[in-house]
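Just so we're clear, the structure is a prediction, and the values are computed from it rather than from any experiment.
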Amino acid sequence: MKSVSLKGFVCWLMIFWVFQLNAQVTLSNMFSDHMVLQQKQINPVWGKASNGEKISVSIANQTHQTIADKNGRWMVKLSPIDAGGPFVLTVQGSNKIEIQDVLVGEVWMCSGQSNMQFSLGSSNHADVEVASANYPNIRLMNVPKVGSEKPTDNLDVSWNLCTPETVKNFSAIGYLFGKRLHNTLGVPIGLINNAWGGSAIEAWIPRQVLEEEGHDELVKSWDDQIAGYSDAVFEKKKEAYKYWLANGKPGKKKWPPEDIRIGRKRPGSIYKGMVNASVGYGIKGIIWCQGETNAGRAYQYRELFPLLIKTYRNLWGQGDFPFYWVQMADFLEESKVPTGGSWAELREAQTMTLSLPNTGEAIVTDVGEAKDIHPRDKQTPANRLVRHALANDYGYAMASDSPRFSSMEIKGNKAIISFSHIDKGLCTFDFDEIKGFAISGSDKKFVWAKAKIIGKNKVEVYSDNVENPVAVRYGFENNPRVNLYDRNGLPVTNFRTDSWQGVTEGKVVPPKSY
């Protein structure tokens, strides 16, 4: 027998190792120790293996088999499991994987931009909230903020127990929402935080969907920007930023440059980098807090926001799962005269999206800060969000919707406004005079109006300066001063009765990003 050289043996060994490595069965990183599976529904589990490899997946007295396809992808669907645990999820192929400490309960995804990303450690009462966050049956996942030009099939993520250390940098609204669910339902809670500050809604939607729905001008505007962008342009912007830092940050504040090719505003970028690899993971629903970046194109948001919701529901294949959002808070200077504004129009677009089934909105125009786009009060938004889940999804008898405009009747120089979704009856907060109403005649010139509650769900609105009113607005400003509530503490939804042209109508292309 011929002897084998050391070099030949090493080559053979390397080939054997590579073969063995390629043959290893793997799981998506969505499945890790301490994970939470959604109770009472089918849960897909997926990963990779060698072409044609037989895979067996077991948990909670059930076992499922499948075969990896020609691309090495495999998936099984677990039968529904009641809340409980801990369980062990076992995946068996040429090798064996055991995922420990698996709980079954309620799983919610927490998405949007900076006010969802805003950490518990920076919120009001952070020291109390963080110190008391010892909830081993609440599990947290943070998705890295990564955009991509191509869809990613895995994420650099894992599940962690909720402790003061892990929750400090987690979404404040997400955690506070989840904590309230946990304390009420008494079941494990899984929270997936994949928010990215400053993101545009079109970055969360697959580019193909945007094109199919006719948003060609928006997509083309980005294609034109990308065509003029290069590594050299990006390096130049980084050098300019370093120079600004080194020279004491003179003049206008600058932000660290971002490669717009994989940034948080390019259509489809966030979907490809942060969402695609999680599609199908069993969830109960999504909570959302986004809109500031799109305020300058608020009319377009009327189409993009429902499109995002319908797209995600189609992709997940779970039907019309719950989708609840925080309406944008008040911001910018208060207006001395009624003027409307882009933020008012974006809030209007959000409210219009309630036409979709299983949706809900938390009104927070009473918690914002004129000079800070990030209000620190995250307890109030969480309280109002969780009402929707408890009332609509978990059977608790409580109000969840803020009062909304229903109809207007003109009687002489007065407009009688009726509201729907009234629980205990209308009231004012802090002082008797109602703030926030404006009224106009056919000249479209709004003036601040007087208002009086005349019934459980009715308000009389008038002004001595408007003899023949035709339109009424409430809280329809960038930073409205409002104080009308249901007696259950839910503020009246801002609205307008007119459909006159707004400041963002026809605007569909974002400002250039570099």
### Separation of Leu191 CG from Lys179 NZ (nearest 0.5 Å)
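It is 12.5 Å, given to the nearest 0.5 Å.
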### Task
First locate atom CG of Leu426, then atom CZ of Arg487, and finally report the distance between them rounded to the nearest 0.5 Å.
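Here the interatomic distance stands at 8.5 Å.
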Between [Y] and [X], is there a side-chain heavy-atom distance shorter than 4.5 Å?
| X | Y | value |
| --- | --- | --- |
| Tyr485 | Pro491 | yes |
| Tyr394 | Glu106 | yes |
| Leu27 | Trp74 | yes |
| Asp33 | Trp159 | no |
| Glu149 | Ile262 | yes |
| Ile59 | Leu37 | yes |

### Task
Assign the ring pair Phe31 / Trp46 to parallel, tilted or perpendicular, where the plane angle (0 to 90°) is split at 30° and 60°.
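Answer is perpendicular, since the angle exceeds 60°.
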### Query
Which word best sums up how the rings of Trp316 and Tyr312 line up, parallel for under 30°, tilted for 30 to 60°, or perpendicular for over 60°?
tilted
### Query
Is the cationic atom of Lys237 (NZ for Lys, CZ for Arg) positioned less than 6.0 Å from the six-membered ring centroid of Tyr241 and within 45 degrees of its normal?
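The answer is no, since Lys237 fails at least one limit relative to Tyr241.
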### Query
Looking at Phe118, does the NZ or CZ of Lys378 lie under 6.0 angstrom from its six-membered ring centre and within 45 degrees of the ring axis?
yes
### Task
Could you tell me whether the side chain of Arg139 and the main chain of Gly190 form a donor-acceptor pair under 3.5 Å?
no
### Task
Ignoring hydrogens and angles, tell me if any N or O in the side chain of Ser50 forms a donor-acceptor pair with the backbone of Glu53 under 3.5 Å.
no
### Message
Quick check on the 6.0 Å ring-centre criterion: do Tyr229 and Tyr514 meet it?
### Response
yes
Checking [Y] against [X]: is there a side-chain donor and acceptor pair closer than 3.5 Å?
| X | Y | value |
| --- | --- | --- |
| Asn488 | Asp423 | yes |
| Ser111 | Asn194 | yes |
| Glu129 | Tyr175 | no |

### Heavy-atom closest contact (Phe170 atom, Leu140 atom, distance)
CE1-CB, 3.8 Å
### Message
Can you give me the closest heavy-atom contact between Asn51 and Lys70, atom names plus distance?
### Response
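Reported closest heavy-atom pair: OD1-CA, 3.4 Å.
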### Message
Could you go through Val143 and Trp196, starting from their C-alpha distance and side-chain angles, then the distance that decides it, and tell me whether this counts as side-chain contact (heavy atoms from CB on, under 4.5 Å)?
### Response
CA-CA 9 Å; Val143 178; Trp196 190 349; over 6 Å; no
#### Entry: Passing candidate, side chain to side chain donor-acceptor pair (under 3.5 Å) with Tyr324, options Asn358, Asp393, Thr359
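In the set Asn358, Asp393, Thr359, the residue that makes a side chain to side chain donor-acceptor pair (under 3.5 Å) with Tyr324 is Asp393.
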### Summary
When Arg384, His388, Glu361 are each screened for side chain to side chain contact (heavy atoms under 4.5 Å, CB included) with Asp401, the one that passes is His388
### Task
Identify whether the distance between the nearest side-chain nitrogen and carboxylate oxygen of Glu258 and Lys265 falls below 4.0 Å.
no
Just distance, no hydrogens or angles: give the donor-acceptor pairs under 3.5 Å from side chains in residues 299-307, sequence neighbours left out.
| unit_1 | atom_1 | unit_2 | atom_2 | d |
| --- | --- | --- | --- | --- |
| Tyr299 | OH | Arg496 | NH2 | 3.0 |
| Tyr299 | OH | Gly502 | N | 3.1 |
| Gln300 | OE1 | Arg297 | NH1 | 2.6 |
| Gln300 | NE2 | Val508 | O | 3.0 |
| Tyr301 | OH | Gln290 | O | 3.2 |
| Tyr301 | OH | Gln290 | OE1 | 2.7 |
| Arg302 | NH2 | Glu348 | OE1 | 3.2 |

